[in-house]
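One structure is given here, and the rest of the page talks about it.
Throughout, a chain's letter reflects where its sequence line sits, starting with A, and its residues are numbered from 1.
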2 protein chains.
Amino acid sequence: MLTQQPRNGRAPSVKDVAAAAGVSLGTVSNVLNRPAVVSTATRERVERAMADLGFVRNESARQLRAGTSRALAYVMLDGGNPFFHDVAEGIETAAEDADLSLFVCNSSGRSEREAKHLDRLLQQRVQGILITPVDPDAPHLADLAQRGLPFVMVDRFSRAGGHCSVAVDDVLGGRIAVEHLIDRGHRRVAFVGGPSSIGQVRERLQGARAVWAEFGMPEDDLIHLPTEALTVNEGRSAGERLAGLPSRRRPTAAFCANDLLALGLLQHAVTAGLRVPDDLAIVGFDDIDFAAAAAVPLTSVRQPRQELGRTAARLVLDEATNPDHVHEQATFVPALVARASTGTVRR
Amino acid sequence: MLTQQPRNGRAPSVKDVAAAAGVSLGTVSNVLNRPAVVSTATRERVERAMADLGFVRNESARQLRAGTSRALAYVMLDGGNPFFHDVAEGIETAAEDADLSLFVCNSSGRSEREAKHLDRLLQQRVQGILITPVDPDAPHLADLAQRGLPFVMVDRFSRAGGHCSVAVDDVLGGRIAVEHLIDRGHRRVAFVGGPSSIGQVRERLQGARAVWAEFGMPEDDLIHLPTEALTVNEGRSAGERLAGLPSRRRPTAAFCANDLLALGLLQHAVTAGLRVPDDLAIVGFDDIDFAAAAAVPLTSVRQPRQELGRTAARLVLDEATNPDHVHEQATFVPALVARASTGTVRR
DNA sequence: TGGTGGGATTGAAATGTTTCAAGCGTCGTG
DNA sequence: CACGACGCTTGAAACATTTCAATCCCACCA
């Protein structure tokens, strides 16, 4: 490691390295950035000096000179939901391939935190921003676009269209979930999810209703149980409301707007002594790892989480580097993953 | 928002603002950093110019001048485990209070990724690093210490002691878990966890064995089912091995080294038709939210996750700012949270 | 009227890196 | 021997910000 410690408070700079190696500071820079142009002897001398001094490049100075950072950022909506972690991993692999760092931020669903993060990222001069926004129409997002900073919405569609976005077809997701339940013989189904200010929730419900109608089912037999958030707790409380319904109105299956709700609902059902899927079948959405890991493995509508992230990163990089970039709304097709929670056919 | 777009490729700088407001660049800097010394009229003029131009401070230049960044970093071990996310949240609240940003990195248990992250963070000149290391004795960690960069180990104890650390008493955690099972009448118990290269696993097992011996139980009746990792999958496979034991050797309860293992084991048990807790009681460790959310809510040994994070951040900040800082090994006391998975007393 | 105090503003220096035109030697060729 | 070419190294400029000593200007006072 470092043999010499110039701990005079200040970290060693190229200048120090240059002095130690007896060369000019331009040469040190060449060793770092264009090793081919410097002679072997000099290079080795400089490299030894760097090792001895424990030299570490100062990224701010590089960045200042370069005018831009070597980083992307992802602002996620809910760090507590593993879904977003998986998306982040997809982004990170793509960022790594492009030799960029990734700053991961978490807005925790709070708009002011989101704005704060964005502000910081702007100050850092990140090359591009990926975001799953609290509110796709928030003014601070429009700001980004106006600034010309490459950014893409992840898991949300833009209505304005001044940027790229990456998401799955949520209407279709709703359709396949409910079609699966109809297939399994269910004739009274609950849709659990809310608030409807969230675009996804609306679209998944819309898909559910569409396919319900297409199969000629009575509108009233698709019951919407609204929730205040997409959390396990809310899923549990939806379970209570569901159990409170008069038995002739009580659904035999529930389609939840995401897996956290589904897990909460599952827990309530088990606690209440209901058998899943016999008394109540459950379908979730996202297919997070915990869905497969549940005591009764959850049927879920799978989103290609990592793929979503990778594509988003690809798009933001294209926008950042390609002058002919055109905005793109990448849509993925969700797929049903059938597991035990909808395992049997009702007669 | 910004009325004027100087999109000549370059973001507006203090110099541009100064020109637009008809003042010197020193004055602009004063408006930003010491608003009190500049007259109201000038200040307003400058502020308007900033708004018009859409001026955003360049953090790299600030940082270059200041010599240090305004950020902390947390390198977590496994982003897929919600435990670490909760720790990160604790850190973030503390960082926010100190008006610092937090860079969250994920080593995913891979040492080379960890090293890469650390290298980047060094280049960024972060004020301090919090880390749950893959290997507490890795040379790149010793490097950090030697560089004098404030860092603290989170959820791990250092043996070397050249730095702070924050963790719970894992031996005690193992004790209370197993004591709880003994209380509930269990006389044959499995410890599920591994690899034993992980300090935590060793210590939790050690605590388990200690209390087992103190209660005068035969050593052979505490059965170690080793796993290759602390994951749901490994928990499932441990379940299979457990089911394969001859019935007179088969434990009536399992203490898992973390909640992911416990969830996997629970899933296997339910799938295999075992009743939890009657046929098999289960205790986890960490008390992540998904433990409480399981179909059979999991009894778990709670770590104060956010508190762990907050304390770690406090310590690293102290090391960064207080010249009289002395390294501290903060220890928290784990607590048993009893839920349904150990709910009944065996006779 | 000259001087003083002080509030407001200024200009230059400094931070660490990269880039690039220019310089320096040395070697080979004519 | 002169010249050009080539390989390597150099030094200065530029990036955006902050700080601080110096300056300016005005009002007030003697």
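Residue contacts for B/Ser29: at a heavy-atom cut-off of 4.0 Å it reaches a base atom on one of the strands shown. Within 4.0 Å (heavy atoms only), A/Val28 reaches no atom of the nucleic acid at all. Nucleic acid contact class of B/Arg62 (heavy atoms, under 4.0 Å, all strands): sugar-phosphate only. Using a 4.0 Å heavy-atom cutoff across all strands shown, B/Ser13 reaches sugar-phosphate atoms only and no base atom.
Between A/Phe55 atom CZ and C/dT17 atom C1' there is a gap of 8 Å when expressed in whole angstrom units. Between the CG atom of B/Leu25 and the C1' atom of D/dA16 there is a distance of 9 Å, rounded to whole Å. Between A/Gln123 atom CD and D/dT17 atom P there is a gap of 10 Å when expressed in whole angstrom units. For the pair A/Arg43 CZ and D/dT9 P, the interatomic distance rounds to 10 Å; values are reported in whole Å. With rounding to whole Å, B/Arg125 atom CZ is found 9 Å from C/dG16 atom C1'. The CG-P distance, from A/Leu32 to C/dT18, rounds to 6 Å in whole Å. Between the CG atom of B/Asn58 and the P atom of C/dT15 there is a distance of 18 Å, given to the nearest Å. Distance B/Arg70 CZ to C/dT15 P: 21 Å, rounded to the nearest Å.
Residue B/Thr42 places at least one side-chain N or O closer than 4.0 Å to OP1 or OP2 of C/dT9. When the side-chain nitrogen and oxygen atoms of B/Arg65 are compared with OP1 and OP2 of C/dA13, none of them lie within a distance under 4.0 Å. At the phosphate of C/dT15, neither OP1 nor OP2 sits under 4.0 Å from any side-chain N or O atom of A/Ser60. Between A/Arg34 and C/dT19, a side-chain N or O to OP1/OP2 separation shorter than 4.0 Å is present.
A/Arg10 CZ to A/Asp16 CG: the interatomic distance, rounded to the nearest 0.5 Å, is 4.5 Å.
No hydrogens or angles considered: a donor-acceptor pair under 3.5 Å links the side chains of B/Asp155 and B/Gln200. Of the N and O atoms on the side chains of A/Gln329 and A/Ser165, at least one donor lies less than 3.5 Å from an acceptor on the other residue. A side-chain N or O of B/Gln306 and one of B/Glu89 form a donor-acceptor pair less than 3.5 Å apart.
In this structure, the nucleotide among C/dT9, D/dT10, D/dA12 sitting nearest to the side chain of B/Thr27 is C/dT9. Distances from the side chain of B/Leu64 to the nucleotides C/dT19, C/dG16, C/dA8 place C/dG16 closest. The A/Ser24 side chain lies nearest to D/dT10 when the options are C/dT17, D/dT10, D/dT17.
The residue among A/Arg57 and B/Thr40 whose nearest nucleotide of DNA chain C is located toward the 5' end is B/Thr40. Residue order along DNA chain D, read from the 5' end via each residue's closest nucleotide, puts A/Gly26 first among B/Ala61 and A/Gly26.
In this structure, the side chain of B/Asn81 does not engage the main chain of B/Phe84 through any donor-acceptor pair within 3.5 Å.
Classification of the A/Phe151-A/His163 ring pair by plane angle, with boundaries at 30° and 60°, yields tilted.
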